[in-house]
2 protein chains.
Amino acid sequence: MTLRIRCQQCSVRSCAPCSALTAATADQLARIVHRRRIPAGQILYGGPDRAKTFSIIVEGVVKLVNVQPDGSNQIVGLQFPSEFVGRPFVEGAPLVAEAATDLEVCAFSGSAFETLMQTHADLERTIFKRTLDDLDFARQWMSMIARKTAEERVASLLMLIASKFRDKARDGRQAVAGLEFNLPLSRTEIAECLGLRLETVSRQFAALKAEGIITTGRRRGLKVADMAALGERAQGLVHA
Amino acid sequence: MTLRIRCQQCSVRSCAPCSALTAATADQLARIVHRRRIPAGQILYGGPDRAKTFSIIVEGVVKLVNVQPDGSNQIVGLQFPSEFVGRPFVEGAPLVAEAATDLEVCAFSGSAFETLMQTHADLERTIFKRTLDDLDFARQWMSMIARKTAEERVASLLMLIASKFRDKARDGRQAVAGLEFNLPLSRTEIAECLGLRLETVSRQFAALKAEGIITTGRRRGLKVADMAALGERAQGLVHA
DNA sequence: TGTTTCGTTTGATTTCCATCAATTCGCGTC
DNA sequence: GACGCGAATTGATGGAAATCAAACGAAACA
């Protein structure tokens, strides 16, 4: 599982999705990849235009949104750096992938990527395995939403996000305690993730602040002062 | 997509999973399949013994259960006849697949099936596509649980189950109105599906009965008198 | 510097579901 | 048929989050 490709347009050190591929496949991939910057709010796939693209996130967060008939949104998944965004084999995916923050991605045109996937079994298997992991995670998340209280849900989401930032920080050998970052989601979006209303989310933030577990900076700034305590509140979410 | 295989031990008319395969692959599959009867409550995969099997359900319903650290169960998926049950590529799946009713399945030993999948791309793709469908469905279901009221949830689950029985009934050209069948789940299990308590489920059943939308027979018997009204209560669940 | 606007916070009240508790029903057993 | 058991129903009550409503804060604009 060593790194077999240095994606020419890709500065990521260890390109996780590519590392499982053969040199030949990685080479083919490198020919159709193009680095793109995508502003927050832009649709990656789904929605009215039905643009079909596949991407690997280099920087930023993508939200997978289920638009309900009554107009409300439900966020059913978040994709973080190094993760894959796309829905092979169908034209009209039932959900919309939207940039939650400004993004930097390795993008592949839908047709080229699908063709490549059908001729290179190792690529298909890599995406297949990620899909299985996504499915496991979606089911874990479902359990979380079905059973937990508002406090536990908010803590779980913060743990999930914080753990992603912690992983990134570790690459740069940053301190684990007192993790500080900008939330990639608004209060409304957090509520849409958790099946709560934004007022409830706000109150839970206030409660966590009052207990000294987190502090909020201006805008979307957040500092997790006590990761262990936050984990306790999350009550054992399996964070991938 | 015509039927390419007649699974020698399989009486199912049009074997959906097999129909997408090449004759060669179907032939290989037929060699390692064995029909089994499985009593309700038996574990198909996951759990302490970690037995790894793959199955296609011929008759009955399988529940995918997430066992929480506090001992409560959350049902995160149901598999019906013609559907695939198994989790390739990992040893310790994070959930347990358990027979909700007595089953009849086409079973494959884990190792043989995985080997076959890795040498026959069409088989792998078939399972891949099903996994993607499962993922879509899990996310739809998550939205349902996150947003809907108890009444809508119960109606949604009954619609889902009823639609499966309706599909089966259609094969035999049965009447669509006044659909009658035995629920594959207890009240407790229904509650575990929906993130509710069993008392709440029972009350919603009572409400639907009072409105004349359903009638309950003895044991797990259920008759859907007004499918359209039930669908209204479900408020637009996308039932796969 | 004021004004507008959007996101967030805080407060008051209501609603729905969980919880606790008791009863009934269906089914197997003696 | 009487008993016992587990599952399901029904009732009473409390609590957590939704809802309604208002105020606040931080950018964005003139």
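Chain letters run A, B, ... following the sequence lines, proteins first and then strands; every chain starts at 1. Source: prediction; values computed, not measured.
Here D:dT10 presents its C1' atom at 12 Å from CG of B:L198, a figure rounded to the nearest Å. The CG-P distance, from B:L208 to D:dT10, rounds to 13 Å in whole Å. Regarding A:R218, its CZ atom lies at a distance of 19 Å from the P atom of C:dG7, rounded to whole Å. To the nearest angstrom, P of D:dA7 lies 14 Å from CD1 of B:I190. Computed from coordinates, the A:E192 CD to C:dG7 P distance equals 11 Å when rounded to whole Å. If you measure from atom CD of B:E151 to atom P of C:dT15, you get 17 Å, rounded to the nearest angstrom. Rounded to a whole Å, the CD atom of A:Q204 is 14 Å from the C1' atom of C:dT9. Between the CZ atom of B:R147 and the C1' atom of C:dC16 there is a distance of 16 Å, rounded to whole Å.
Counting non-hydrogen atoms under 4.0 angstrom, B:G195 reaches the backbone sugars and phosphates but no base. At a threshold of 4.0 angstrom between heavy atoms, the contacts of B:R219 are confined to the sugar-phosphate backbone, with no base atom among them.
The local environment of CZ in B:R37 is sparse, with at most 12 non-hydrogen atoms from other residues, nucleotides or ligands closer than 6.0 Å.
One donor-acceptor pair, N or O on each side, does fall under 3.5 Å between the base of D:dC20 and the side chain of A:E199. Not a single donor-acceptor pair, N or O on each side, falls under 3.5 Å between the base of C:dT10 and the side chain of A:R197.
The existence of a salt bridge linking A:E104 and A:R35 is confirmed by a sub-4.0 Å separation between a basic side-chain nitrogen and an acidic carboxylate oxygen.
The side chain of A:T149 has D:dA17 as its nearest neighbour among D:dA17, D:dT19, C:dT9. Taking the side chain of B:T200 as heavy atoms from C-beta on, and the options D:dA18, D:dC20, C:dC17, the nearest nucleotide is C:dC17. Closest to the A:R187 side chain, of the nucleotides C:dT9, C:dT10, C:dA18, is C:dT9. Side-chain proximity of A:L196 to the nucleotides D:dA18, C:dA18, D:dG11 is greatest for D:dA18.
Between B:F84 and B:F113, the distance separating the two ring centers is shorter than 6.0 angstrom.
Taking for each of A:R220 and A:R203 the nucleotide of DNA chain C with the nearest heavy atom, the 5'-most of the two is the partner of A:R220.
A cation-pi contact links B:R187 to B:F205, judged by a cut-off of 6.0 Å to the six-membered ring centre and 45° from its axis.
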Check against side-chain contact (heavy atoms from CB on, under 4.5 Å), A:V65 and A:V76
CA-CA 6 Å; A:V65 186; A:V76 295; over 6 Å; no
